2 protein chains.
Amino acid sequence: MNIKILLALLRNVTMKSFDKGEILIQVGSTKRDVYYIRKGLVRSYMVDEDVNEITFQIYAEHQVFTNAHSVLFNESSKFYYQTLEHTKVYIVDYNALLKLTSQNAELLELNRSYFGKKVIEQVFQRVESFVFLSPEERYKKFVQDNPKLIHRVPDKYIANVLGITPVSLSRIRNRISKKK
Amino acid sequence: MNIKILLALLRNVTMKSFDKGEILIQVGSTKRDVYYIRKGLVRSYMVDEDVNEITFQIYAEHQVFTNAHSVLFNESSKFYYQTLEHTKVYIVDYNALLKLTSQNAELLELNRSYFGKKVIEQVFQRVESFVFLSPEERYKKFVQDNPKLIHRVPDKYIANVLGITPVSLSRIRNRISKKK
DNA sequence: CTCCTTTCTTATCTTTAGTTAAGTGGACTT
DNA sequence: AAGTCCACTTAACTAAAGATAAGAAAGGAG
């Protein structure tokens with residue numbers, strides 16, 4: 001990779017720290033920032049008509065997230081993105097990233113293959129888990145895929161991600177532990 | 001758009017017709033063909049351990065589908081793609097498409113924005129429907145989004161797509177019609 | 001047109017999830 | 001250290017979904 005482009009890339013990267021509970025992306029935002037989590041935990045969530053918060057996704061260390069509605073569909077964000085712990089992130093403006101990568105075939109491929117794929121792969125697998133698995137199986141898969149997360153993320157958020165209620169999640173846990 | 005590139009594009013497009021029930025993409029295939037449905041209906045499905053077919057997605061006229069596992073993740077297909085009616089499609093090899101589009105910024109953007117977005121938008125909305133909606137609400141949304149499909153697609157396939165059983169789908173219909 | 005297959009519905013029973021509320025245990029505050 | 005808040009569990013009830021089977025309706029093949 002061209003060192004000139006690498007330097008240009010680095011110039012566009014910002015490091016930021018956030019306290020627990022801070023909002024990184026607001027609903028309605030059209031910013032096209034791409035976040036890489038160096039340390040910490042972030043969740044995306046929506047607020048429904050009854051003012052309930054519903055968590056859509058959870059992101060941990062080394063994961064990339066972004067205002068997907070803005071980057072992918074040019075719409076404003078439907079989600080809040082909020083830290084669940086003290087969190088340190090690298091931020092790149094997606095437009096700048098695009099400009100840079102379009103100048104370099106290698107980077108372009110990296111951008112497409114890495115960033116795009118990760119996001120899509122995740123979403124795809126998630127649909128599959130809803131179509132093919134029961135809530136209990138989804139929970140088991142979640143634990144398997146994210147063994148460390150269950151101790152760091154409140155159950156109510158995990159329940160939302162699995163598409164069930166916190167009460168139901170608690171019962172599923174109970175059921176599983178009894179079977180053993 | 002450059003006419004030379006347009007012609008090159010057309011040289012890479014094949015038109016094909018399939019009878020009802022034919023398999024377009026086999027499980028295990030690594031072919032990177034992109035299909036555009038001119039007329040007809042296609043479903044993607046998996047076969048589980050108990051040899052049950054589980055339908056993952058349904059594609060109709062003017063929709064684009066492809067061996068997503070192969071194109072997006074460089075893996076072999078986990079799904080069969082099968083016609084549900086006599087179906088006419090245009091086929092482009094994705095690799096050829098990539099080569100062509102990379103020579104032309106306009107086409108590149110078209111490819112990214114149109115093909116990519118459509119696929120991703122669909123999957124995203126689908127996850128949202130599982131997280132935020134009940135089975136009954138999912139069914140209503142499906143009818144709203146695909147008013148013509150319900151009369152062309154067997155219920156058991158729709159049930160799979162919604163993540164429920166055919167029996168449950170029948171009951172949901174019954175419930176809805178009684179409420180009116 | 002009739003027979004056969006497939007799909008859809010209906011019924012019964014069991015299991016699981018949603019809802020609401022009460023109770024328990026931690027963590028944090030003052 | 002007592003009180004407050006919040007997350008999680010448990011309980012009781014209702015509603016809905018899964019499984020299985022049987023019957024009705026529709027579609028296709030000969």
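Computed over heavy atoms, backbone and side chain alike; hydrogens, waters and symmetry mates excluded. Chain naming here is simple, since letters A, B, ... match the order of the sequence lines and numbering starts at 1 in each. Values in this document were obtained by computation on a predicted structure and should not be read as measured data.
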(request) For residues V123(B) and F124(A), determine if any side-chain heavy atom of one lies less than 4.5 Å from a side-chain heavy atom of the other. (result) yes
Find the distance [X]:[atom1] to [N]:[atom2] and express it as a whole number of Å.
X       : N       : atom1 : atom2 : value
L169(B) : dG18(D) : CG    : C1'   : 14 Å
I176(A) : dA17(C) : CD1   : P     : 10 Å
K178(A) : dT15(C) : NZ    : P     : 14 Å
L84(A)  : dC6(D)  : CG    : P     : 16 Å
L133(B) : dA17(C) : CG    : C1'   : 16 Å
Y139(A) : dA17(C) : OH    : C1'   : 17 Å
E136(A) : dG18(D) : CD    : C1'   : 13 Å
R173(A) : dT16(C) : CZ    : P     : 18 Å

(message) Is it the case that the side chain of Q63(B) and the backbone of Y36(B) share a donor-acceptor pair, with hydrogens and angles ignored and the cut-off at 3.5 Å?
(response) no
(request) Give the C-alpha distance, both sets of side-chain angles, the deciding distance and a yes or no for side-chain contact (heavy atoms from CB on, under 4.5 Å) between Q26(B) and Y80(B). (result) CA-CA 5 Å; Q26(B) 284 280 351; Y80(B) 296 93; 3.1 Å; yes
(message) Cation-pi check for F56(A) against R126(A): NZ or CZ below 6.0 Å from the six-membered ring centre and within 45 degrees of the axis, yes or no?
(response) yes
(message) Tell me which residues in residues 151-166 of chain A lie within less than 4.0 Å of DNA chain D, going by non-hydrogen atoms.
(response) P154(A), D155(A), K156(A)
Find every protein N or O atom lying less than 3.5 Å from an N or O atom of nucleotides 10-12 of chain C, and list the pairs.
residue	atom	partner	partner atom	Å
dT10(C)	OP2	N174(B)	ND2	2.9

(request) Respond yes when some side-chain nitrogen or oxygen of R175(B) is under 4.0 Å from OP1 or OP2 of dA17(D), and no when none is. (result) yes
(message) Restricting to non-hydrogen atoms, name the atom on L169(A) and the atom on A159(A) that form the minimum distance, rounded to 0.1 Å.
(response) CD2-N, 3.9 Å
(request) Starting at OH of Y45(A), measure out to CD1 of I23(A) and round the result to the nearest 0.5 Å. (result) 3.5 Å
(message) Less than 4.0 angstrom from a charged side-chain N to a carboxylate O is my criterion; do K141(A) and E137(A) meet it?
(response) no
(request) Is it possible for you to say whether F142(A) and V167(A) belong to one hydrophobic cluster, with membership spreading through side-chain heavy-atom contacts below 4.5 Å? (result) no
(request) State which residues pass side-chain hydrogen bond (donor to acceptor under 3.5 Å, both in side chains) with E85(A); sequence neighbours excluded, sorted by chain then number. (result) R152(A)
